[in-house]
Amino acid sequence: MGKLAIIIISGAIVILFPIINSNLLNHNPVIDRFVQNYESRELQNAATSYAAMVIYNISEDSKNGSFNINNFNYTETAIDFENAAITVVTTQDSGSVSSYNVMVTSVLNNITATAEVVSEQIPFSYYGQFFNSWPGNLYYGTGEGVDGPLHINGGLGVGQVPGPVFTGNITLTGSVSYRAGATPENFMGFQGDSLIEGADAIALPNQLDFLDKPGAVQLDDLFEFSDDIDDLYINFDDDGAGVGILEIYAVPFDYPDLSIPDSLAKYRKIVRLDSLSSYNNLVYSATMDLHLQGQMTGQLSIASEERMFITDDITYKSDPLQETESTDILGLICNDNIYIETREKPYTSGEYYNEDDTDVYASIFSTQSVKIVGIRTSGISGSWPGPTGRGTFTTIGGRLQEYASATWSGGSNFRGFKEKIIYDKRFRRLRPPGIPFTLERRTSRWRESVNVASNGWDAEEEVIEAVDYSYLN
């Protein structure tokens, strides 16, 4: 039975050859499709390979510093690949200096295969929290945590049971250290998709230059007597018609004479967000300490060479945690330390904390650190959680800084805040004005398609196959 089957199959093959040869002359649709499918796969492989090569070159040149947008040489045309004409066209996204669109097209006969890729440089605002260094005696404790991506050029300290909670992906160039009762066995706080120890370092700029930003509003000369003051006090608000404004004062917010119209006119200036340059809605100070509070409407970044002080909550008029269509975005960028000074009076012996929480909606970037004013710097470890009146310092957005600082301290008197990061998921895609970019890149979109045009043998037939991948990372 088996031999008969083989004979029949063999006979069928012998008989089939002349049939195939005959049908080739008559353009057999089955054979045509077989050839087209083979050629389509080969052309698609070629387009995909060249697209991957271009993306790789852009990524590597970005990392090693040789990437130059003024000498953009990633476009090639008429590449010979087994008689196929391959064209590589790479264009800069008009909306962002960091985004590049790569279009690779390979054509042979009536078949066109394409690979479309978008490569984006990752801004620091992508991270829920980023530290360039982590002190060995510091750790997150119970009641604290980070939502969103966390990167540290160093290790991470976690302590207490049950300990802090991390819900995003974590990359560390070092490793996790467990303190104050936490162990690898009993710690359950890593709840994101991945924890990578020994990851590559990501360089953080140690100084940012805003002087060359066209259209940036300079705050230092707003007042005729600016040379006589060292501080500006900025309140975020709107004009009552939905347009964001900055109320900028030359005196503290509680200055008594502000109730007098002439004094208010002297010591307050109004900057409307709709009057700012469309370049990046950036306001900038080179010489003043800035004190910030209020409710933000619109999109803006405030940059300073000197210190920043957050004197009260900074919120958005449209809360992105409640309203998914919110367009309010704030960046706080500082070449010095940023201080949280929201308590009502200084800490003294036996006095613990301002019981109120402090919320800051922003992507906060400091080339130094974010610090709590008045915190005791000794005795980082200690009993937990301390007095029930201790408030929570919550960043809704992200915090990016050179080094981590203690937000609370232990010992006989607890001082400071619990710390939480709630990630603003819009920052997966959006960048507050002026926030710098990392040297890392990601592929945010990859689309492959094959188009087999009408070949004259079957005028009704057109085959289009497409695969579209979008990445949220």
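Being a predicted model, the structure only gives us computed values, none of them experimental.
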**Prompt:** Which heavy-atom pair separates Leu273 from Gly298 by the least distance, and what is that distance?
**Reply:** CD2-CA, 4.1 Å
**Request:** Hey, could you give me the CG/CD1 distance between Asp193 and Ile170, rounded to the nearest 0.5 Å?
**Result:** 11.0 Å
**Message:** Any heavy-atom pair between the side chains of Tyr126 and Glu440 that's under 4.5 Å?
**Reply:** no
**Fill in**
All heavy atoms of Arg441 vs all of Ser119, minimum pair found to be NE-OG, 2.8 Å
**Pairwise side-chain contact, Phe365 with Gln401, heavy-atom cut-off 4.5 Å (strictly under)** = no
**Request:** Measure across Thr438 and Gln121 and return the closest heavy-atom pair with its distance rounded to 0.1 Å.
**Result:** O-NE2, 2.5 Å
**Prompt:** Atom OH of Tyr403 and atom OG of Ser133: how far apart are they, to the nearest 0.5 Å?
**Reply:** 8.5 Å
**Request:** Report the C-alpha distance between Tyr316 and Ile396 in whole Å, list the side-chain angles of each, state the deciding distance to 0.1 Å, and finish with yes or no for side-chain contact (heavy atoms from CB on, under 4.5 Å).
**Result:** CA-CA 10 Å; Tyr316 294 144; Ile396 299 90; 6.0 Å; no
**Prompt:** Distance-only, no hydrogens or angles: does the Ser369 side chain make a donor-acceptor pair with backbone N or O of Ser366 under 3.5 Å?
**Reply:** no
**Request:** Can you measure from NZ (Lys420) to OH (Tyr140) and round to the nearest 0.5 angstrom?
**Result:** 13.0 Å
**Asked** Do the side chains of Tyr267 and Phe225 get nearer than 4.5 Å, heavy atoms only?
**Response** yes
**Residue pair Ser285 / Asp220, side-chain donor-acceptor N/O under 3.5 Å** = yes
**Asked** Do you know which two heavy atoms are closest between Pro164 and Gly159, and how far apart they sit?
**Response** CD-O, 3.4 Å
**Item:** Check: Asp228 and Phe223 side chains under 4.5 Å, non-hydrogen atoms
**Value:** no
**Message:** For Asp319 and Tyr361, which I'm curious about, is there any donor-acceptor pair between the side chains at under 3.5 Å?
**Reply:** yes
**Prompt:** Which one of Thr395, Ile435, Leu330 satisfies the side-chain contact (heavy atoms from CB on, under 4.5 Å) criterion with Ile364?
**Reply:** Thr395
**Prompt:** For Asp257, does the CG atom have more than 12 heavy-atom neighbours from other residues, nucleotides or ligands under 6.0 Å away?
**Reply:** yes
**Prompt:** Looking at CG of Asn206 and CD of Gln368, how far apart are the two atoms once the value is rounded to the nearest 0.5 Å?
**Reply:** 9.0 Å
**Asked** Taking side chain as C-beta onward, heavy atoms only, is Arg429 less than 4.5 Å from Glu120?
**Response** yes
**Prompt:** Heavy-atom distance under 4.5 Å between the side chains of Phe236 and Leu300, does that happen here?
**Reply:** yes
**Message:** Looking at every heavy atom in both Glu197 and Gly174, which two are closest together, and how far apart are they?
**Reply:** CB-O, 3.4 Å
Tell me which donor-acceptor pairs under 3.5 Å the side chains of residues 239-255 have, and how far apart each pair is, sequence neighbours excluded?
from, atom 1, to, atom 2, distance (Å)
Asp239, OD1, Ala241, N, 2.8
Asp239, OD1, Gly242, N, 3.3
Asp239, OD1, Val243, N, 3.1
Asp239, OD2, Arg272, NH1, 3.0
Asp239, OD2, Arg272, NH2, 3.4
Glu247, OE1, Asn235, ND2, 2.8
Glu247, OE2, Arg268, NH1, 3.1

**Asked** Mind checking what makes side chain to side chain donor-acceptor pair (under 3.5 Å) contact with Thr167, not counting sequence neighbours?
**Response** Asp147
**Asked** Heavy-atom distance under 4.5 Å between the side chains of Pro149 and Phe130, does that happen here?
**Response** no
**Request:** For Trp134 and Leu172, run side-chain contact (heavy atoms from CB on, under 4.5 Å): C-alpha distance rounded to whole Å, both residues' side-chain angles, the deciding distance at 0.1 Å, then the answer.
**Result:** CA-CA 10 Å; Trp134 182 273; Leu172 311 171; over 6 Å; no
**Request:** Assess the side chains of Asp289 and His291: does a donor N or O sit below 3.5 Å from an acceptor N or O?
**Result:** no
**Asked** Tell me, do Thr105 and Met103 make a side-chain contact under 4.5 Å, heavy atoms counted?
**Response** yes
**Asked** Got a second to check how far Leu232's CG is from Ser226's OG, nearest 0.5 Å?
**Response** 7.0 Å
**Prompt:** Can you find a side-chain donor-acceptor pair between Tyr284 and Glu305 that sits under 3.5 Å?
**Reply:** yes
**Message:** As a quick check of understanding, evaluate side-chain contact (heavy atoms from CB on, under 4.5 Å) for Val176 and Leu195, giving each step before the final call.
**Reply:** CA-CA 10 Å; Val176 178; Leu195 166 63; 4.1 Å; yes
**Asked** Looking only at heavy atoms, which two atoms of Ser326 and Ser318 are closest? And how far apart?
**Response** OG-O, 2.7 Å
**Message:** Under the criterion side-chain contact (heavy atoms from CB on, under 4.5 Å), I'd like the reasoning laid out for Glu306 against Leu290: C-alpha separation, chi angles, the key distance, then a yes or no.
**Reply:** CA-CA 8 Å; Glu306 302 297 328; Leu290 304 181; over 6 Å; no
**Prompt:** Should the pair Arg399-Glu419 be classified as a salt bridge under the 4.0 Å nitrogen-to-oxygen rule?
**Reply:** yes
**Prompt:** Looking at CD1 of Ile202 and OG1 of Thr173, how far apart are the two atoms once the value is rounded to the nearest 0.5 Å?
**Reply:** 9.5 Å
**Request:** Answer yes or no: is there a donor N or O on one side and an acceptor on the other, between the side chain of Asn169 and the main chain of Ser194, under 3.5 Å?
**Result:** yes
